[in-house]
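Atoms within a ligand are numbered from 1 in the order they appear, just like the ligands themselves.
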Amino acid sequence: MDSFTKRPIIMMKMIRYPPLSATLPGQFGVGAHSDFGGVTVLLQQPGREGLEVWHDESEAWLPVPAVQDVLVISCGDMIQKWSGGVYRSARHRVINKSDAERFSCATFWHGDFSATNPLNPNDPNKDTVGQLLLRRFGNQFSLSKEVMAAAN
Ligand SMILES: O=C(O)CCC(=O)C(=O)O
Ligand SMILES: [Fe+2]
């Protein structure tokens, strides 16, 4: 676990959603997705509802209340894979329901670049956090061919 938490890659995203009146019918703030990586820590603006999580059993989108001083903690696809599905990465989306801007701050905590599955050292899959991140997001950055080759 140490090799996962010494120098973790952490990405923070500040998000502004325009008011409902400024969006097109059917337009989402963020379309349905599951987060890619490790642990996500989300701070929502109090009272600005909008985040919804898909609940398989009832086949419905459930609202996640935006409450003062409450963080929403969830896990991403990497953790789902590493845990063999014991921890699941929830599918979620955002529709700003109020006629005011909505702000949120999402922090994606991915673990150390060279860490492999921290939940199962015997996992035959030795993909590192860095490789998985580069494979998923590498094309969004101007990285050299050598760096990209290291991801594969
Ligand atoms: O703004 C939110 O409440 C959630 C944002 C989100 O799901 C994301 O950035 O991955
Ligand atoms: Fe998300």
Counting only protein N/O/S, how many atoms fall short of 2.8 Å from the Fe ion (ligand 2)? 3

Among non-hydrogen protein atoms, atom 5 (C) of ligand 1 lies closest to Y17 OH, 3.5 Å

Considering only heavy atoms, does F108 approach ligand 1 within less than 4.0 Å through its side chain, its backbone, both, or neither? side chain

Heavy-atom count around R16 CZ within 6.0 Å, excluding the residue itself: above 12? yes

Using only atom types and a distance under 3.5 Å, with no angle test, would you say the side chain of H55 pairs donor to acceptor with the backbone of V53? no

Looking only at protein heavy atoms, which one is nearest to atom 9 (O) of ligand 1, and what is the separation? K13 NZ, 2.9 Å

What closest approach, in Å, do P18 and N96 show between heavy atoms, and which atom pair accounts for it? O-ND2, 2.9 Å

Distance filter under 4.0 Å to I15 heavy atoms, resulting ligand 1 atoms: 1 (O), 5 (C), 9 (O)

Show the atoms of ligand 1 that are less than 4.0 angstrom away from any heavy atom in R102. 1 (O), 2 (C), 3 (O)

Is it the case that over 12 heavy atoms from other parts of the model lie below 6.0 angstrom from the CZ atom of F36? yes

Distance under 4.0 Å to a non-hydrogen atom of S104: what atoms of ligand 1 satisfy this? 1 (O), 2 (C)

Heavy-atom closest contact (I10 atom, T107 atom, distance): CG2-CG2, 3.4 Å

Under 6.0 Å between ring centres, would you say that holds for Y17 and F103? no

T40, portion touching ligand 1 at heavy-atom distance under 4.0 Å: neither

R91 and W61: CA distance, side-chain angles, deciding distance, side-chain contact (heavy atoms from CB on, under 4.5 Å) verdict: CA-CA 9 Å; R91 201 167 154 71; W61 290 101; 4.3 Å; yes

Does ligand 1 have any atom that is closer than 4.0 Å to a heavy atom of R93? no

How close do K97 and L20 get, heavy atom to heavy atom, and via which atoms? O-CD2, 3.9 Å

Is there a path from L51 to W54 through hydrophobic residues (I, L, V, M, F, W, Y) whose side chains come within less than 4.5 Å of each other? no

Could you tell me whether R136 and D77 make a salt bridge, using a distance below 4.0 angstrom between a side-chain N and a carboxylate O? no

To the nearest 0.1 Å, how far is atom 4 (C) of ligand 1 from its closest protein heavy atom, and which atom is that? V94 CG2, 3.6 Å

Atom indices of ligand 1, in the order listed, that fall short of 4.0 Å to a heavy atom of H92: 7 (O)

So, the side chain of E49 versus the backbone of A66: is there a donor-acceptor pair under 3.5 Å, distance only? yes

Please work out whether any backbone atom (N, CA, C, O) or any side-chain heavy atom from C-beta onward of D35 is under 4.0 Å from ligand 1, and answer side chain, backbone, both or neither. side chain

